[in-house]
Amino acid sequence: MGPLAVTRLLVLVSLTVALDNGLLRTPPMGWMAWERFRCDVDCKDDPENCIRFPGGIAKLARYVHNRGLKLGIYADMGSHTCMGYPGTTLDKIELDAQTFASWGVDYLKFDGCYSNPVEQMLGYPLMSKALNATGRPMVYSCSWPVYIGGLPPSVNYSLLGEICHLWRNYDDIQDSWDSVQGIVNWFSNNQDDLQPAAGPGRWNDPDMLIIGNFGLSVDQARSQMALWAVMAAPLIMSNDLRNLDNSARAILQNKVAIAINQDPLGIQGRRLLQEKSRVEVYWRPLSHSASSLVFLSRRTDMPLLYHCSLDKLNYEAGNYEAYDVFTGSTVTGLNVTTEFTVSINPSGVVMWYVYPRSSQADAVHRRASESRVHPAGPDHRSVL
């Protein structure tokens with residue numbers, strides 16, 4: 001089959017697989033085994049770090065559902081998964097989708113190791129169609145972009161948004177600050193292509209939260225949480241939930257950061273500035289005329305003071321207040337020309353929830369506060 005024929009088939013398939021099924025109107029939140037536990041199944045010699053499913057997936061799904069959560073599963077369209085376990089083939093995609101549905105699976109992450117570009121071009125849309133045909137609403141996370149460079153013209157994001165709910169664009173995250181920075185750099189440098197592709201029901205996925213593992217300091221963990229929230233990224237942890245310390249727990253359960261991530265407008269944030277002082281400023285518009293600002297320090301040696309104003313960040317004239325997401329303090333008396341100063345720890349952030357002060361300010365603030373208490377509905381809670 002030639003490239004033109006494959007492209008035509010892809011277009012025909014895509015017309016029948018649109019995933020506007022009401023799922024993932026905000027980014028998913030949950031937990032995934034991979035980064036922290038990999039494929040450790042040696043429960044005899046390493047019981048603290050192994051994953052076991054003694055009763056099978058259907059029983060696991062019932063266990064998870066009984067606790068108000070949802071279950072995700074991993075599969076690969078190649079002959080083998082990335083770790084060498086059995087994969088699937090194009091002729092087995094429909095059977096796999098039906099099997100997942102029969103087990104009660106709510107979320108499929110479909111990888112592409114040991115597959116070729118033609119198989120990917122056919123397989124990702126076919127799995128989308130097969131999932132829809134089961135009649136069970138399932139979130140579809142695909143890794144297609146990462147295998148074809150992550151960017152246009154190789155990736156057609158308009159088409160991708162009709163096929164998948166979310167997609168991996170770039171390399172796997174590792175348990176290190178360098179890895180987090182590399183992902184943030186790639187997403188920021190390519191934001192003109194990536195940012196318009198995101199929205200309710202379709203999300204760019206910079207990979208898992210590694211907060212609570214071994215590679216990040218507390219400041220760096222806050223930085224990842226803040227940046228993922230502003231990027232409208234999935235908040236899917238990969239850590240040992242049994243052994244989280246209080247600082248990691250506080251970051252992961254920060255209601256304001258979660259509410260910013262789960263904002264119903266679904267607009268992905270952008271990097272606004274890169275300063276010579278090695279400060280970067282990120283911005284995301286939010287509901288109720290609010291917004292979020294993240295001031296990130298790329299320095300690793302010392303704290304720094306950053307002087308700025310809302311006017312420099314393209315805010316409209318008016319009066320504002322800012323709630324500091326990680327300290328809980330409120331910055332008052334801001335107008336668009338007021339110069340303010342933030343103190344940023346090395347490789348840390350200051351994250352603000354910014355809202356206008358006006359005759360309607362109290363109502364706006366009340367609605368925002370309510371969203372912090374209830375940051376996500378049941379469709380957003382998943383375990384993968």
Side-chain angles (χ1 to χ4, degrees), residues 1-24 28 32-34 39 53 56-58 60-61 70-148 150 154-169 172 201-203 205 234 382-384:
M1 182 179 293
L4 181 58
V6 171
T7 301
R8 286 175 177 165
L9 177 58
L10 176 59
V11 172
L12 290 173
V13 170
S14 72
L15 295 177
T16 66
V17 298
L19 276 179
D20 188 12
N21 56 11
L23 297 179
L24 256 61
M32 186 184 299
W34 170 249
C39 290
F53 307 107
I57 301 301
L60 179 64
K70 296 185 181 295
L71 179 72
I73 200 166
Y74 171 96
D76 190 291
M77 73 164 57
S79 59
H80 297 83
T81 71
C82 301
M83 290 295 290
Y85 290 92
T88 189
T89 54
L90 293 178
D91 63 322
K92 296 296 192 297
I93 281 179
E94 183 177 347
L95 176 61
D96 283 356
Q98 292 171 348
T99 302
F100 300 150
S102 71
W103 286 342
V105 169
D106 305 291
Y107 184 127
L108 170 64
K109 180 178 173 65
F110 202 34
D111 212 338
C113 280
Y114 296 98
S115 64
N116 60 51
V118 172
E119 291 170 330
Q120 294 159 15
M121 188 174 290
L122 294 171
Y124 280 110
L126 286 174
M127 178 58 84
S128 181
K129 182 180 179 182
L131 293 174
N132 274 351
T134 68
R136 179 176 181 81
M138 283 185 270
V139 170
Y140 184 31
S141 170
C142 59
S143 299
W144 194 4
V146 76
Y147 288 98
I148 52 176
S154 299
V155 180
N156 181 340
Y157 278 104
S158 296
L159 179 60
L160 192 65
E162 297 177 1
I163 295 170
C164 311
H165 291 105
L166 67 159
W167 45 80
R168 283 285 311 283
N169 314 68
D172 286 0
R202 56 188 197 278
W203 308 104
D205 182 3
S382 62
V383 177
L384 183 62

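With Ser115 contributing its side chain and Glu119 its backbone, the two residues share no donor-acceptor pair below 3.5 Å. Remark: the backbone N or O of Asp106 is not paired with any side-chain donor or acceptor of Arg136 at under 3.5 angstrom. Remark: the backbone N or O of Cys113 is paired with a side-chain donor or acceptor of Asp76 at under 3.5 angstrom. Between the Trp144 side chain and the Asn169 main chain, no donor and acceptor come within less than 3.5 Å of each other.
Rounding to the nearest 0.5 Å gives a distance of 13.5 Å between NZ of Lys129 and OG1 of Thr134. Distance CG/Leu23 to NZ/Lys70: 8.0 Å, rounded to 0.5 Å. With values rounded to the nearest 0.5 angstrom, Met32 atom CE is found 11.0 Å from Trp34 atom CH2. Note: Leu90 CG to Met127 CE = 10.0 Å, rounded to the nearest 0.5 Å. Remark: Leu24 CG to Cys164 SG distance equals 11.5 Å, nearest 0.5 Å.
With contacts defined as side-chain heavy-atom distances shorter than 4.5 Å, the pair Phe110/Thr88 qualifies. No side-chain heavy atom of Arg202 sits less than 4.5 Å from a side-chain heavy atom of His165. Residues Ile163 and Cys142 are not in side-chain contact: their nearest non-hydrogen atoms beyond the backbone lie 4.5 Å or more apart. Residues Trp167 and Ser141 are not in side-chain contact: their nearest non-hydrogen atoms beyond the backbone lie 4.5 Å or more apart. With a 4.5 Å cut-off on side-chain heavy atoms, Leu108 and Val139 do not count as touching. Contact of the Met138 side chain with the Tyr107 side chain is not registered, since no non-hydrogen atoms from C-beta on lie closer than 4.5 Å. The side-chain heavy atoms of Ile57 and Phe100, taken from C-beta on, include no pair separated by under 4.5 Å.
Heavy-atom contacts from other residues, nucleotides or ligands closer than 6.0 Å to CD of Glu94 number 12 or fewer.
Nearest heavy-atom pair, Gly150 versus Val155, reported as atom, atom and distance to 0.1 Å: C-CG2, 3.6 Å. Heavy atoms only, all atoms of each residue included: Met77 and Gly123 are closest at CE-C, 3.7 Å.
In terms of the side-chain contact (heavy atoms from CB on, under 4.5 Å) criterion, residue partners of Ser143 (sequence neighbours excluded) are, by chain and number, Lys109, Asp111, Tyr124, Val146, Tyr147, Arg168.
Taking the six-membered ring where the residue is Trp, the centroids of His80 and Tyr114 are separated by under 6.0 Å.
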